[in-house]
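Residue indices begin at 1 and follow the sequence shown. Computed from a prediction, not measured in an experiment: that's the story for all the values here.
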Amino acid sequence: MADLDALRARFVRALEGARGPADRPDPARYPDPAPYADNLLGRWQEPQRRYHTLAHLTAVLDHVDRLQEYADDADAVRLAAWFHDAVYLPERSENEERSARLAERALSEAGVSAAKTAEVARLVRLTAGHDPADDDRDGQVLCDADLASLASPPSAYAAYTAAVREEYHFVPNDAFRAGRSDVLRQLLALPRLFHTPYGREKWEATARYNLTAELEMLSL
């Protein structure tokens, strides 16, 4: 069971860090961050989710904390983690775009500068392909944190794949196997899955092993 109070506090810290003293000098003019946190927490608990849940959000935030030394703006990355699957309907293909637009609306209302709001939205959109540029340190941290589950131990990876299948329960087996295989091939075709030094060292080999093994199973 997720600790909602702890998660709420993490969102508030990230939002306050992203606002910064330069964004708006008078802190009293900031809106209360709690309703924004509660809205996001509610979204991450929607019934159609099986993998993209509070557990996934917590894991991504934990991975961002682990990788924060590689980021230029760790608080922007944390906010992007909060928003990256805030809009999630398995049958829709534009979840990242809709999530980015939600971030643009919410963060501008919540007192974050236009420039930082745009950066958070850019990072959210980047999770559609997980292929950040070589000089995009924040994008690399977010994408690595989001894909870190691919490097899970065997039992955890099996639970991950089962949860993904449950999210797509409405897709017939043959169609799911074909679509999932395409996703796996696209990931394996990337020059590298992970971009931070930590991710490349700790996660790359295990993730490729897991993806290859899953692809082989789907081909049986």
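The main-chain N or O of Phe194 is never found under 3.5 Å from a side-chain atom of Arg200 such that the two would form a donor-acceptor pair. With hydrogens and angles disregarded, no donor-acceptor distance shorter than 3.5 Å links the side chain of Thr212 to the backbone of Tyr209. Although no hydrogens or angles enter the test, the distance criterion places no donor-acceptor pair under 3.5 Å between the side chain of Arg180 and the main chain of Val183. Checking side-chain atoms of Asn210 against main-chain N and O of Ser152 turns up a donor-acceptor pair under 3.5 Å. Side-chain atoms of Asp138 do not come within 3.5 Å of backbone N or O of Ala71 as any donor-acceptor pair. Here the side chain of Glu167 pairs no donor or acceptor atom with the backbone of Pro90 at under 3.5 angstrom. One N or O on the side chain of Gln45 and one on the backbone of Leu41 form a donor-acceptor pair closer than 3.5 Å. Using a distance-only test at 3.5 Å, with no hydrogens or angles considered, no donor-acceptor pair links the side chain of Arg137 to the main chain of Asp134. A side-chain donor-acceptor contact under 3.5 Å links Ser219 to the backbone of Leu215.
Val12 is not connected to Leu4 by any chain of hydrophobic side-chain contacts under 4.5 Å among Ile, Leu, Val, Met, Phe, Trp and Tyr, and they are in different clusters. Both Val124 and Leu15 are assigned to one and the same hydrophobic cluster, defined by single-linkage of ILVMFWY side chains at heavy-atom distances under 4.5 Å. The hydrophobic clustering, which links ILVMFWY residues whose side-chain heavy atoms are closer than 4.5 Å, places Phe83 and Leu142 apart. Transitive grouping of hydrophobic side chains (ILVMFWY, heavy atoms separated by less than 4.5 Å) brings Leu54 and Trp82 into a common cluster. Hydrophobic clustering of Ile, Leu, Val, Met, Phe, Trp and Tyr side chains at less than 4.5 Å, counting indirect connections, keeps Leu79 apart from Val77.
Note: His52 and His84 fail the aromatic proximity criterion, with ring centroids not under 6.0 Å apart. With ring centers used as reference points, Tyr198 lies under 6.0 Å from Trp203.
Residues Tyr157 and Ser149 are not in side-chain contact: their nearest non-hydrogen atoms beyond the backbone lie 4.5 Å or more apart. The shortest distance between side-chain heavy atoms of Leu193 and Leu211 falls below 4.5 Å. A heavy-atom distance below 4.5 Å is not found between the side chains of Gln140 and Tyr70. Residues Glu69 and Thr196 are not in side-chain contact: their nearest non-hydrogen atoms beyond the backbone lie 4.5 Å or more apart. In this structure the side chain of Thr127 reaches within 4.5 angstrom of the side chain of His130, judged on heavy atoms. The side-chain heavy atoms of Asp62 and Arg10, taken from C-beta on, include a pair separated by under 4.5 Å. Put simply, the side chain of Gln48 does not reach to within 4.5 Å of the side chain of Glu91, judged on heavy atoms. Counting heavy atoms from C-beta on, the side chains of Asp136 and Leu126 come closer than 4.5 Å.
Note that NE2 of His63 is 14.0 Å distant from CD of Gln68, once rounded to the nearest 0.5 Å. Rounded to the nearest 0.5 Å, atoms CD (Glu16) and OH (Tyr30) are 9.0 Å apart. From Glu216, atom CD reaches atom OG of Ser181 across 11.0 Å, with rounding to the nearest 0.5 Å. The distance from atom SG of Cys143 to atom CG of Asp131, rounded to the nearest 0.5 Å, is 8.0 Å. Going from atom CG of Leu57 over to atom CZ of Arg49 covers 9.0 Å, rounded to the nearest 0.5 Å. Distance OG1/Thr58 to CG/Leu7: 4.0 Å, rounded to 0.5 Å.
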Criterion side chain to side chain contact (heavy atoms under 4.5 Å, CB included) on Val112 and Val120, from CA distance to verdict: CA-CA 10 Å; Val112 177; Val120 172; 5.8 Å; no
Asp174/Arg177 under salt bridge (charged side-chain N to carboxylate O under 4.0 Å, His left out): CA gap, chis, key distance, verdict: CA-CA 5 Å; Asp174 288 347; Arg177 289 162 72 94; 5.0 Å; no
Step-by-step side chain to side chain contact (heavy atoms under 4.5 Å, CB included) determination, Arg125 to Arg101: CA-CA 9 Å; Arg125 292 184 173 100; Arg101 292 178 183 176; 4.1 Å; yes
Side chain to side chain contact (heavy atoms under 4.5 Å, CB included) assessment of Asp146 paired with His56: CA-CA 8 Å; Asp146 193 27; His56 173 61; 3.1 Å; yes
Worked verdict on Glu204 versus Arg208 for salt bridge (charged side-chain N to carboxylate O under 4.0 Å, His left out): CA-CA 6 Å; Glu204 184 80 21; Arg208 287 191 176 275; 2.7 Å; yes
Worked verdict on Glu214 versus Leu184 for side chain to side chain contact (heavy atoms under 4.5 Å, CB included): CA-CA 8 Å; Glu214 183 187 358; Leu184 297 175; 3.5 Å; yes
Derivation of the ring-ring contact (aromatic ring centres under 6.0 Å, His included) call for Tyr160 and Tyr51: CA-CA 7 Å; Tyr160 151 71; Tyr51 169 65; 4.9 Å; yes
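Shortest non-hydrogen contact noted between Ala163 and Arg50 is O-CB, 3.4 Å. When all heavy atoms of Pro31 and Ala110 are compared, the closest pair comes out as CD-O, 3.6 Å. Of all non-hydrogen atoms in Gly199 and Asp144, the two that sit nearest each other are CA-OD2, 4.0 Å. Taking each heavy atom of Thr117 and Ser108 in turn, the nearest pair found is OG1-N, 3.8 Å. Between Ala34 and Asp32, the shortest heavy-atom distance links the atoms N-OD1, 3.0 Å. Residue Asp75 comes nearest to Gly17 through the heavy atom pair OD2-CA, 3.4 Å, listed as atom of the first residue, atom of the second, then distance.
Salt bridge status for Glu119 with Lys116: absent, with no side-chain N to carboxylate O gap under 4.0 Å. Salt bridge annotation for Arg78-Asp65: present, with a cationic side-chain nitrogen under 4.0 angstrom from a carboxylate oxygen.
The cationic group of Arg43 does not satisfy the cation-pi geometry with Tyr88, failing either the under 6.0 Å distance to the six-membered ring centre or the 45° limit from the ring axis.
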